[in-house]
Structure formats: C-alpha cells, structure tokens
Amino acid sequence: MSELRVLFVSPECAPLTKTGGLGDVSAALPAALREAGIDVRVLLPGYPEVMGAVDAGREHARIAVFDPPLQVRLLASSLQSGVPMYVADCPHLFLRPGGPYQDGALRDWPDNAVRFALLAKVAAILSSEETPLDWHPHVVHCNDWPCGLTPAFLRHMSDPAPTVMTIHNLAFQGNFDPAILPQVGLPWSSFTTQGLEFHGRLSFLKAGLYYADEITTVSPTYALETQSEALGFGMDGLLRSRSQFYKGILNGIDENIWNPETDPLIAQCYGAHSIEQKLGNKIALQRRMALPVDSSVPLLGVVGRLTHQKGTDLLIDAADDLLALGVQLALLGRGDSQYERRLQGLAARFPNAISVSFGFEEELAHLIEAGADMFLMPSRFEPCGLNQMYSQRYGTPPVAHATGGLRDSIVDCTPESLAAGTATGFLYGQPGIAGLVDAVRRALSVHRDSSSWLRIQKAGMGRDFGWRGAAQRYEDLYRQVAGVKSQNGEPGAKTG
Ligand code: ADP
C-alpha cells in the first residue's frame with residue numbers, strides 16, 4: 001500500500017482565515033503533500049470566510065456531538081490549491097464576524113473552549129470508527145492548541161488513527177476552566193497532571209502533547225528551546241519526557257506567492273539578475289509611507305504582530321539609537337494597543353524617519369519585503385518565523401535575534417561566510433536593545449560596500465525555502481507513525 005491518507009486539522013488556513021504563520025502553513029503544507037502524491041484533506045471550522053468558499057449544497061453528513069448535543073453539518077469543498085477541504089459547520093459557534101479566536105476588538109471569544117473542543121471532536125470522529133465518511137485517514141495531523149483535544153478524544157474511541165501534534169507557538173496553550181469536561185464528554189479521571197491538567201486548568205495544548213503519538217514543532221532550534229525552562233512555558237518537562245517522539249521540521253514558504261519576479265502586489269518585479277529594479281519598490285514604499293523619497297537612506301522594514309514576543313518594545317526602546325545611525329523605518333503591524341500608541345508617538349516625533357501603519361495589509365507587507373533594504377526581527381523567541389525567509393527571497397537581508405527558526409534559516413554574516421558567499425543576514429545573541437542596534441550597525445557597515453551587500457542579497461535570493469523538503473519530512477513521519485510503507489517498501493524512506 002503506498003497511498004497515504006492524512007487528515008490535516010487547523011483553526012486557520014490562508015487566504016480564507018489567517019492570523020499568522022499557522023494560516024500560511026495550513027495552506028502550503030497540504031498543497032506540497034498533495035503534490036507529493038499524498039491524499040491529504042484539510043478540516044476547518046465554518047467561519048464566514050470558509051463558508052463563503054463552500055458550495056452550500058455539498059453536505060456530506062450531519063453529526064451530533066457533546067451533551068447537550070450540538071449539531072454539525074460536515075461540508076466538503078476544496079482549497080485554492082485543489083486540496084480537498086472538509087468544513088465543520090456549526091453556525092452557532094463559528095458563523096460570526098471577527099477573527100478565528102477573537103472578536104473585532106481583539107477580545108477572546110468567551111466560548112473558545114467549546115468552539116475548539118468541537119473542532120477537535122469532529123476531527124476525532126473522522127479519524128475513528130465513528131466516521132460517517134468512506135474515507136479513513138492513516139494519520140490525523142493536529143495543529144496548535146485548538147486541535148489539541150483530538151488525541152485525547154481518540155483515546156476513548158474505537159479504531160483511532162495515529163496522531164501528530166504540531167506546536168506552532170508554545171505560548172498559546174488554550175487553558176480553560178475544566179468544568180467543560182462533562183459537556184464535551186471527557187472523563188474527570190483524565191483530569192490529572194498525567195493527562196489534561198495544567199496547573200488546575202484544562203489545557204488543550206497539553207492534551208495534545210501528552211496524548212499525541214508524535215510531536216513536531218516548526219524548527220529544530222525551537223524543538224530544543226521548548227525543552228528548556230526559559231522557553232518551555234511550563235511544558236518543558238513534558239516535552240523533555242517525550243523528547244524521543246518530538247522533533248523540529250523547519251517550515252517552508254509559498255514560493256509562488258512570495259516571488260519578487262512575479263509578485264503582483266509590489267511596485268516593480270525583479271530577480272537576482274535584475275536586482276537594480278528593487279529600487280523602484282523602495283521609492284514606492286517611501287511614497288506609500290510618506291517618508292522622504294531618498295534612495296541613499298537605508299530603509300529598515302518591519303512586519304508582524306506588535307507583541308512582547310516579537311520584541312516590539314525592544315524596537316521602540318531602540319528607536320533613538322537606530323535613528324542615530326541615519327536610517328528610515330517603515331513598520332506594518334497590529335497588536336498591543338500600548339505598543340501602537342508608543343509607535344504612533346515615535347512616528348509623530350520623527351515624521352521624516354519613522355512611518356507606521358496599523359492593520360493587516362497583505363499588499364503593504366509585500367511592498368515592505370520588496371522595498372526595504374533590511375528587515376528587522378527583534379523577536380524574543382520565534383518558533384519559525386516566515387518573514388525572514390520572505391525577506392531573503394526578496395533580497396532584503398534580515399537582521400534578527402538568533403532564536404528558533406530565525407537561527408535555523410538565516411546564515412549570519414561573518415568574514416568567513418561573506419567570503420564563502422553563504423551569508424544571508426545578520427544574527428545577534430541576546431534579545432536586547434544593544435544586540436539589535438549593534439547588529440543593525442554591522443549590517444549598515446556591510447551595506448556601504450555594495451559588492452558585499454549584493455553577495456548577501458544574492459545568496460538569500462538563491463536559497464530554497466520551498467515546502468518540498470519539509471513535506472518529505474512530514475511524509476516520512478506520517479509513514480513511520482502509521483506504519484504505512486512507501487512504494488519502495490520502506491516506511492518513510494522514499495527519497496531519504
Ligand atoms: P506569527 O505566526 O508568529 O505571527 P510568522 O512570521 O510565522 O509570525 O508569520 C506571520 C505572517 O503573517 C507572515 O506571512 C506575515 O507577513 C503576516 N503578517 C503579520 N502581520 C501582518 C500585518 N499586519 N499585515 C500583513 N501581514 C502580516
């Protein structure tokens with residue numbers, strides 16, 4: 001048997017619904033797995049954007065879950081990539097304006113525990129004897145805390161598929177009041193430290209980490225960091241105890257969407273052999289952000305959530321020192337209101353050097369990647385991070401704290417790596433202001449030497465950040481956990 005069937009469960013999937021990297025991964029990884037010949041199907045909640053992409057007539061089954069029962073319609077459609085999609089349609093829980101986890105004012109939905117217990121339960125049903133479908137997955141792949149209860153539910157069901165649980169960010173754990181347990185049909189006996197309990201709370205993420213057959217995270221360095229007290233968010237002991245079932249697989253990026261040669265969202269397309277055209281994007285970005293149009297001033301770009309994790313406060317505190325280096329800063333993000341206020345204050349103080357835009361703007365994100373000279377990522381921790389890979393691809397070397405996926409995807413510029421032509425960016429060791437400013441200073445000194453800079457740009461643009469390698473590693477893991485052999489008869493050894 002060679003055809004491998006995988007149910008990929010996720011609370012978000014771009015472009016239908018995305019709050020960050022998980023949305024990108026949930027679109028691109030299944031697409032890459034399908035290209036590799038795997039029968040992968042994605043299960044999503046029926047948010048308004050998802051329902052808008054489904055032909056309402058395509059109902060496959062009706063399922064009642066929990067006590068008192070909630071009715072779920074299982075709909076079928078497909079993603080843009082052609083990957084089949086199942087939708088758990090429960091309007092009462094999912095059909096509401098706002099984000100997947102929060103309302104428009106960024107407040108968590110008060111019923112998130114039930115909402116994602118339901119998603120996890122539907123996934124478990126589809127991966128067990130109870131499925132109403134004639135399609136039975138060999139593996140169910142669960143992503144982040146919203147899917148964490150699936151392996152726990154499957155413990156109490158017949159003919160369960162093996163489970164893979166992926167951590168995209170250990171800081172988000174889905175810890176709730178355990179009073180929900182009887183409603184969702186999990187026994188109180190499982191509410192112990194050897195099970196679902198995490199400091200008196202019902203932890204969806206812990207459930208996944210405890211009960212899944214295999215655990216992955218999105219970079220090898222983050223897999224190590226999460227086993228340390230400093231970045232383990234209280235789960236490090238559990239992860240250490242399961243280390244033999246835990247590994248990091250670096251995310252890829254969608255190289256079609258993030259391709260400066262064809263990107264319709266940037267002002268001027270360019271490639272490694274026409275890199276001089278990149279300048280058109282810098283000018284467009286300076287105009288768009290109302291900064292003085294000046295090709296000679298180094299322009300630093302930032303895109304991302306404005307949070308403590310992302311080091312937004314460090315960036316704000318470093319602003320005076322950074323500006324003293326004679327740069328401009330273009331920032332796009334949204335997040336903590338205190339950071340937005342402080343950034344607004346900086347932009348008002350330095351209108352000729354700092355410009356900020358608060359919102360989620362796909363087009364501006366692309367223009368910053370293309371138009372900036374360097375891309376800053378002062379994250380305190382970063383499970384994988386995607387922007388540093390986009391920026392390398394766009395010839396915009398990243399300056400980043402050497403943590404998690406940043407460390408695994410950026411080759412720091414040293415005299416040796418520069419001479420070898422492998423340097424693609426600038427990494428620094430401590431997540432503080434001094435390290436950040438120093439790394440930017442280092443980058444600027446290389447930037448002044450245009451031939452060295454070009455080497456770094458081209459090395460980054462030439463790297464393979466596609467999903468093929470990661471998809472192969474996931475396939476190997478699926479085959480191993482499911483005991484399904486590949487065509488040449490070896491579990492998980494199709495191409496090595
Ligand atoms: P995280 O998932 O921790 O937020 P990642 O770097 O893994 O960070 O992924 C973030 C993704 O979301 C990237 O595709 C990035 O471009 C995008 N993104 C983040 N903030 C914004 C924003 N304000 N506008 C547009 N895109 C954004």
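When a ligand or atom number is given, it counts from 1 through the structure's own listing order.
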*Between T396 and K278: side-chain donor-acceptor atoms closer than 3.5 Å*: yes

*So, T17 versus E12: side-chain donor-acceptor pair below 3.5 Å or not?*
no

*Taking only residues at least two apart or on different chains, which pairs with a member in residues 102-123 satisfy ring-ring contact (aromatic ring centres under 6.0 Å, His included)?*
Y101-F116, F116-W145

*For residues R393 and P260, determine if any side-chain heavy atom of one lies less than 4.5 Å from a side-chain heavy atom of the other.*
yes

*asked:* Tell me if a side-chain donor or acceptor on E255 pairs with a main-chain N or O of G466 at a distance below 3.5 Å.
replied: yes

_For a 4.5 angstrom cut-off between non-hydrogen side-chain atoms, does N259 reach D263?_
no

If you look at each N/O of ligand 1, which protein N/O atoms lie under 3.5 Å away, and at what distance?
residue  : atom   : partner : partner atom : Å
ligand 1 : 2 (O)  : G21     : N            : 2.5
ligand 1 : 3 (O)  : R305    : NH2          : 2.8
ligand 1 : 3 (O)  : K310    : NZ           : 2.8
ligand 1 : 4 (O)  : R305    : NE           : 2.9
ligand 1 : 6 (O)  : L386    : N            : 3.0
ligand 1 : 8 (O)  : K310    : NZ           : 3.1
ligand 1 : 9 (O)  : G21     : N            : 3.2
ligand 1 : 14 (O) : K18     : NZ           : 3.2
ligand 1 : 14 (O) : D24     : OD2          : 2.9
ligand 1 : 14 (O) : Y390    : OH           : 3.4
ligand 1 : 16 (O) : N387    : OD1          : 3.2
ligand 1 : 23 (N) : G359    : O            : 2.7
ligand 1 : 24 (N) : E361    : N            : 3.0

